[in-house]
Undergrad: 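I have a structure here, written as structure tokens, and I will follow up with some questions on it.
These numbers were taken from a predicted model, which means no experiment stands behind them. Just so you know, residue 1 is the first one in the sequence shown, and it goes up from there. All values below come from the heavy atoms of this structure, side chains included, with hydrogens, waters and symmetry mates left out.
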Amino acid sequence: MKNKNQVVSWSKQGNIATIIIDNPPVNVLSADVIEQLNLVVDEIESDYNVKVIILTGEGERAFVAGGDIKEFPAWIGKGVEEGKGKSLWLQEPLNKIERLSRPTIAAINGLALGGGCELALSCDIRIAEEQIRIGLPEIKLGLFPGAGGTQRLPRLIGKAKAKELIFTGEPLIAEEAKQIGLVNHVVPKGESIKKAMEIAKCMCNYSLQSLTFAKHSIDYGYEQTLEDGLVIEAENFGHVFQTRDVKEGVEAFINKREPNFVDK
């Protein structure tokens, strides 16, 4: 039974963990959501039976509609260090999601504005339902994104387009978001979890070790020069060739059978 103060929960189906933000009416990133999301992500990271993580919002209105603006007045005029601390506090669970060693998928089932967009950006793959709106409207409040939006969005869609979205604060419809690479797939209303599960189940057929090394190579190599990134790839390639799963995968291919990966 759900505790009345529980606004973030997670469950596991096979090797797939699903995180649900349930903070009605529109799943804002309140202090409770931030703190509970931190704990949930830690729990999932320590569960070695989880291969893929899906993140979504409860209900049909919102994935996460943004930060809890009612909390903002208490942050005003308290000094630069206080404001910096609030930004780092907001960033912490999103950084943890981005750094999860397993693949993550955002199932965007409603409004994803401000902190909700930033939360989606921290995931590896984004699935958007056709009716959603996604964007960073903070400029309309006299501020700007502080939970990673100014850093993750340009890295995903390019600096010029990110500046346009942040400077105007105008949200995008799902198809527009797909056209610029902000989301991977657009699906009919109510089908984001179904699509996320489909992708997650595909990934679960493979070795956790190879998924982990692949994600590490992409994420850590991306910020390096090409030469340094290639070294990171080579190091991880060396590590994956020491696993039992690569032996199983290669032998299965040679013997024309399905592999039985054990993630060791």
Side-chain angles (χ1 to χ4, degrees), residues 7-11 13 16-29 33 37 52-69 94 97-98 100 103-141 145 147-150 152-158 160-204:
V7 289
V8 182
S9 62
W10 74 284
S11 59
Q13 180 180 332
I16 302 168
T18 301
I19 302 173
I20 298 178
I21 311 294
D22 185 6
N23 188 25
V26 289
N27 301 331
V28 295
L29 286 179
V33 171
L37 190 56
V52 185
I53 299 97
I54 296 171
L55 177 63
T56 194
E58 180 64 33
E60 297 182 350
R61 291 183 61 186
F63 168 71
V64 169
D68 190 348
I69 297 173
L94 279 64
I97 291 168
E98 184 174 52
L100 279 166
T104 55
I105 304 170
I108 307 170
N109 56 322
L111 294 173
L113 302 174
C117 177
E118 291 170 299
L119 181 60
L121 288 170
S122 70
C123 294
D124 298 315
I125 296 170
R126 283 157 292 281
I127 313 298
E129 295 183 11
E130 60 188 1
Q131 82 282 1
I132 68 106
R133 297 291 186 273
I134 185 168
L136 296 168
E138 288 91 340
I139 203 77
K140 297 180 180 183
L141 299 179
T150 67
R152 291 192 175 97
L153 189 63
R155 285 167 168 79
L156 183 65
I157 67 172
K161 193 63 182 178
K163 285 181 176 180
E164 180 183 347
L165 294 182
I166 292 170
F167 294 170
T168 67
E170 293 301 314
L172 301 175
I173 62 173
E175 283 295 340
E176 291 172 329
K178 182 181 178 184
Q179 289 172 12
I180 65 171
L182 178 50
V183 302
N184 299 71
H185 301 276
V186 175
V187 298
K189 183 177 181 179
E191 295 192 9
S192 58
I193 283 288
K194 178 182 176 182
K195 181 65 175 178
M197 278 289 183
E198 177 186 314
I199 295 172
K201 287 177 181 177
C202 175
M203 294 176 183
C204 284

Undergrad: Shortest non-hydrogen contact from Leu37 to Leu119?
TA: CD2-CD1, 4.0 Å
Undergrad: Please confirm whether the backbone N or O of Leu29 pairs with a side-chain atom of Asn23, one donor and one acceptor, at under 3.5 Å?
TA: no
Undergrad: Measuring from Lys178:NZ to Glu175:CD, what's the distance to the nearest 0.5 Å?
TA: 6.0 Å
Undergrad: Just so I know, are the side chains of Ile16 and Met197 near enough to count as touching, which here means a heavy-atom distance under 4.5 Å?
TA: yes
Undergrad: Nearest 0.5 Å, please: how far is CD in Glu191 from CD in Glu198?
TA: 10.0 Å
Undergrad: What are the two closest heavy atoms between Pro154 and Gly149, and how far apart are they?
TA: CD-O, 3.7 Å
Undergrad: Considering all heavy atoms of both residues, which atom of Val183 and which atom of Ala174 are nearest to each other, and what is their separation?
TA: CG2-O, 4.0 Å
Undergrad: Counting distance only, does the side-chain N/O of Glu118 pair as donor-acceptor with the main-chain N or O of Gly148 below 3.5 Å?
TA: yes
Undergrad: Main chain of Val28, side chain of Asp68: is a donor-acceptor contact present, judged purely on distance under 3.5 Å?
TA: no
Undergrad: Can you measure from CG (Leu156) to CD1 (Ile180) and round to the nearest 0.5 angstrom?
TA: 8.0 Å
Undergrad: Taking the side chain as every heavy atom from C-beta outward, state whether Asp22 and Val7 have any atom pair closer than 4.5 Å.
TA: no
Undergrad: With no hydrogens and no angle check, is any side-chain donor or acceptor of Asn184 less than 3.5 Å from a backbone partner on Ile125?
TA: no
Undergrad: Test Ser192 against every option in Glu130, Glu129, Arg126 by the side chain to side chain donor-acceptor pair (under 3.5 Å) rule and name the one that passes.
TA: Glu129
Undergrad: Between CZ of Arg152 and SG of Cys117, what distance do you get to the nearest 0.5 Å?
TA: 11.0 Å
Undergrad: Within the structure provided, determine whether Lys189 and Glu60 are in side-chain contact (heavy-atom separation under 4.5 Å).
TA: yes
Undergrad: Apply side chain to side chain contact (heavy atoms under 4.5 Å, CB included) to residues Asn27 and Leu111 and explain how you reach the verdict.
TA: CA-CA 9 Å; Asn27 301 331; Leu111 294 173; over 6 Å; no
Undergrad: Could you tell me whether a side-chain N or O of Thr56 sits under 3.5 Å from a main-chain N or O of Ile20, the two making a donor and an acceptor?
TA: no
Undergrad: Asn109 and Gly57: which non-hydrogen atoms are nearest, and at how many Å?
TA: ND2-O, 2.7 Å
Undergrad: Could you walk me through whether Val33 and Val64 pass side chain to side chain contact (heavy atoms under 4.5 Å, CB included), step by step?
TA: CA-CA 10 Å; Val33 171; Val64 169; over 6 Å; no
Undergrad: With rounding to the nearest 0.5 Å, note down the distance linking CD in Glu170 to CG in Leu136.
TA: 12.0 Å
Undergrad: Ile19 versus Ile97: any side-chain heavy-atom pair under 4.5 Å?
TA: no
Undergrad: With side chains defined as the heavy atoms from C-beta onward, is the minimum distance between Ile166 and Pro145 less than 4.5 Å?
TA: yes
Undergrad: Compare all side-chain heavy atoms of Pro171 with those of Leu113 and state whether any distance is below 4.5 angstrom.
TA: yes
Undergrad: For a quick test of reading the model, state the closest non-hydrogen atom pair linking Lys140 to Thr168 and the distance between them.
TA: CE-O, 3.8 Å
Undergrad: Contact between Ile199 and Ile127 at the side-chain level, heavy atoms closer than 4.5 Å - yes or no?
TA: yes
Undergrad: Rounded at 0.5 Å granularity, tell me how far CG in Leu141 sits from CD1 in Ile69.
TA: 5.0 Å
Undergrad: Using the salt bridge (charged side-chain N to carboxylate O under 4.0 Å, His left out) rule, take Glu164 and Lys161 through it: C-alpha gap first, then chi angles, then the decisive distance, then the call.
TA: CA-CA 5 Å; Glu164 180 183 347; Lys161 193 63 182 178; 3.2 Å; yes
Undergrad: In the structure I gave you, are the side-chain heavy atoms of Ile53 and Thr104 within less than 4.5 Å of one another anywhere?
TA: yes
Undergrad: For Gly116 and Phe63, which heavy atoms make the closest approach, and how far apart are they?
TA: O-CE2, 3.4 Å
